[in-house]
Amino acid sequence: MLQFLMKGGKPLKGEVTIGGAKNAALGILAAAIMTDEPVVLENLPDVSDINVMLKAIQDIGALVDRLDRHTVRITAGTIQTQNVLFDYVRKIRASYYLIGALLGKYKVAEVALPGGCAIGARPIDQHLKGFHALGAKTRITDDGALHAEAQALTGRHIFMDVVSVGATINVMLASVLAEGRTVIESAAKEPHVVDVANLLNRMGARIKGAGTDVIRIHGVEKLHGTTYPIVPDQIEAGTFMMAAAATNGDVLIRNVIPKHLEVISAKLLEMGCTVQEYDDAVRVCGNPDKTYTNVKTSPYPGFPTDMQPQTAAVLALAKGTSMITESIFENRFAYVAELNRMGADITLCEKGDVATINGVSGFKGTDVTAPDLRAGAALVIAGLCAEGYTSVSDIKYVLRGYEDFDVKMRGLGAQMVTVSNEKEAEEFIRATAEPEEKQAAEFIRATAEPAEDQSAEEVYENFVN
Ligand code: EPZ
């Protein structure tokens with residue numbers, strides 16, 4: 001039972017360094033297998049989604065050498081099969097990038113598919129639209145894998161019906177070695193889409209316009225090896241920005257691209273917090289009198305849906321009433337019930353896409369459960385603000401996207417640990433309880449199971465004397 005356990009009430013202060021972007025790295029790992037030459041990736045986040053992807057790449061035959069915790073060399077010339085049917089790949093959505101990469105390189109791919117997930121159905125119709133346009137045929141196999149195959153892949157002008165990060169990246173992967181020119185209209189513009197395109201261009205691809213809504217790809221014969229540092233994680237950075245604001249702290253967040261954080265900084269300024277931008281860092285100072293604001297998620301450069309839960313945790317402690325509209329996923333408010341158990345006052349409209357948040361003066365610590373990755377981060381932020389102790393269970397979701405989350409928070413003065421059993425939890429509580437809390441904890445323990453031959457009065461007498 002892995003849990004985060006924290007004692008709230010301390011403003012976060014100090015410096016934290018942001019790692020590489022998980023959502024860029026997942027597409028980049030797939031792109032790296034499109035050449036037979038070595039590709040060295042730096043600033044790779046050590047999180048479970050990345051390690052699952054690396055295992056899948058290794059299990060189909062590529063050489064994967066971890067040069068250090070955040071640097072990996074991939075040499076894909078030894079790939080034996082284009083069938084990625086291991087059960088564990090169903091755990092990560094981004095396994096579908098292996099379809100685009102294997103189809104693009106070998107003209108055939110078969111990859112076990114994930115189902116929907118906590119935040120939504122997560123359809124892949126736009127990915128398929130792109131593959132079909134390029135000349136591939138696809139089918140779902142009897143054991144729920146997606147099979148894609150093409151005699152040849154030919155560039156096409158593709159009009160996406162939905163702005164999709166995954167589909168944009170997957171069509172880029174499938175088209176970089178295709179014959180001729182591919183144009184992707186209504187492309188996603190997220191920083192991680194741009195990072196995948198930058199890596200592919202470093203490998204010899206010819207991609208223009210990544211970061212705009214029209215991406216042009218001229219197919220090339222082959223790709224070559226390179227060394228590439230993953231872009232800093234916009235969402236990890238934003239999460240620490242919100243944690244600094246929620247705890248009324250003062251945190252310098254290093255190794256970021258401030259441009260990627262502008263819309264998050266803007267919301268913090270609207271709340272009355274302060275944000276100072278430097279070349280590769282931002283400094284966030286909270287404000288005990290922070291006030292309400294409204295948020296509507298939308299594709300980049302709009303407010304990131306992946307920052308929505310964390311922002312709600314801050315607004316739940318701001319003065320006034322805030323509204324959050326989630327326009328990307330159909331079920332991204334699962335954390336609301338848990339925050340309300342901590343004392344938040346959040347209600348959802350009937351349709352479930354708008355949350356009304358009435359700011360409260362504080363949270364009370366309790367036991368909560370992470371329903372998904374970013375909701376788990378939001379519950380940690382809430383626990384760091386709450387009076388008393390908060391445990392967050394099901395942190396396997398959080399470990400998918402945050403490396404050393406408790407270590408980094410402790411570096412900012414948070415009283416937060418990862419515990420795997422009751423004993424470790426008790427040790428943490430004993431080590432952090434105030435004297436009066438200690439006494440109370442001891443008294444509760446002493447009276448929890450009174451000895452058979454002692455009355456409660458006698459137990460109390462023994463305790464206080
Ligand atoms: C990526 O998911 C991220 N995941 C998500 O981050 C992020 O929330 C999302 O982009 C939006 O920014 C990774 O990069 C691994 P989409 P993705 O395709 O690509 C609909 C996190 O917390 N859609 O941009 O799956 C879809 O239902 C995760 O790190 C279709 O209708 O998101 C959604 O409503 C959570 N058909 C919208 O588009 C399709 O074929 C945006 O989804 C594809 C998507």
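Residues take their numbers from the sequence shown, with the count starting at 1. First listed ligand is number 1; within each ligand, the first listed atom is number 1.
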- Atom indices of ligand 1 within 4.0 angstrom of Q126 heavy atoms, with elements: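 Counting from 1, the qualifying ligand atoms are 36 (N), 39 (C), 40 (O).
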- Numbering as shown, the atoms of ligand 1 that approach I119 to under 4.0 Å (heavy-atom distance):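 With I119 as reference, the close atoms of ligand 1 come out as 35 (C).
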- Query: Looking at CD of Q234 and OG1 of T239, how far apart are the two atoms once the value is rounded to the nearest 0.5 Å?
  - Reply: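 Answer for the CD-OG1 pair, Q234 versus T239, is 10.0 Å.
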- Item | Within 6.0 angstrom of K91 NZ, more than 12 heavy atoms from elsewhere |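 Counting neighbours around NZ of K91, 12 or fewer heavy atoms of other residues, nucleotides or ligands fall under 6.0 Å, so no.
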- Message: Counting only heavy atoms not in E179 (residues, nucleotides, ligands), do more than 12 fall under 6.0 Å from its CD?
- Response: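 Open.
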- Item | From A377, P123, G27 - option closest to atom 30 (C) of ligand 1 by heavy atom |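 Shortest heavy-atom distance from atom 30 (C) of ligand 1: P123.
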- Item | Closest candidate by heavy atom, reference atom 17 (P) of ligand 1, pool Y96, Y397, Y300 |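 Looking at heavy atoms only, the winner is Y96.
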Donor-acceptor contact present, side-chain [X] to main-chain [Y], <3.5 Å:
X: R332; Y: T305; value: yes
X: N294; Y: M323; value: yes
X: N331; Y: G120; value: no

How far is [atom] from its nearest protein heavy atom, and which residue and atom is that?
atom: atom 32 (O) of ligand 1; answer: F329 CZ, 4.0 Å
atom: atom 11 (C) of ligand 1; answer: T305 CG2, 3.9 Å
atom: atom 38 (O) of ligand 1; answer: V162 CG1, 3.3 Å

- Counting heavy atoms only, which part of V165 comes closer than 4.0 Å to ligand 1: side chain, backbone, both or neither?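 Near ligand 1, V165 shows its backbone as well as its side chain.
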- Query: Do any N/O atoms on E330 end up under 3.5 angstrom from N/O atoms on ligand 1?
  - Reply: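 Such a contact does not occur with ligand 1.
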- Compute the shortest N/O to N/O distance between K22 and ligand 1 and return yes if it is under 3.5 Å, no if not.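 Indeed, backbone or side chain, K22 has an N or O that close.
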- Does R254 pair with D280 as a salt bridge, N-O distance under 4.0 Å?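 Here R254 does not pair with D280 in a salt bridge, since their nearest N and O are not under 4.0 Å apart.
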- Query: Mind checking whether Q308 has a heavy atom under 4.0 Å from ligand 1?
  - Reply: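 No heavy atom of Q308 comes that close to ligand 1.
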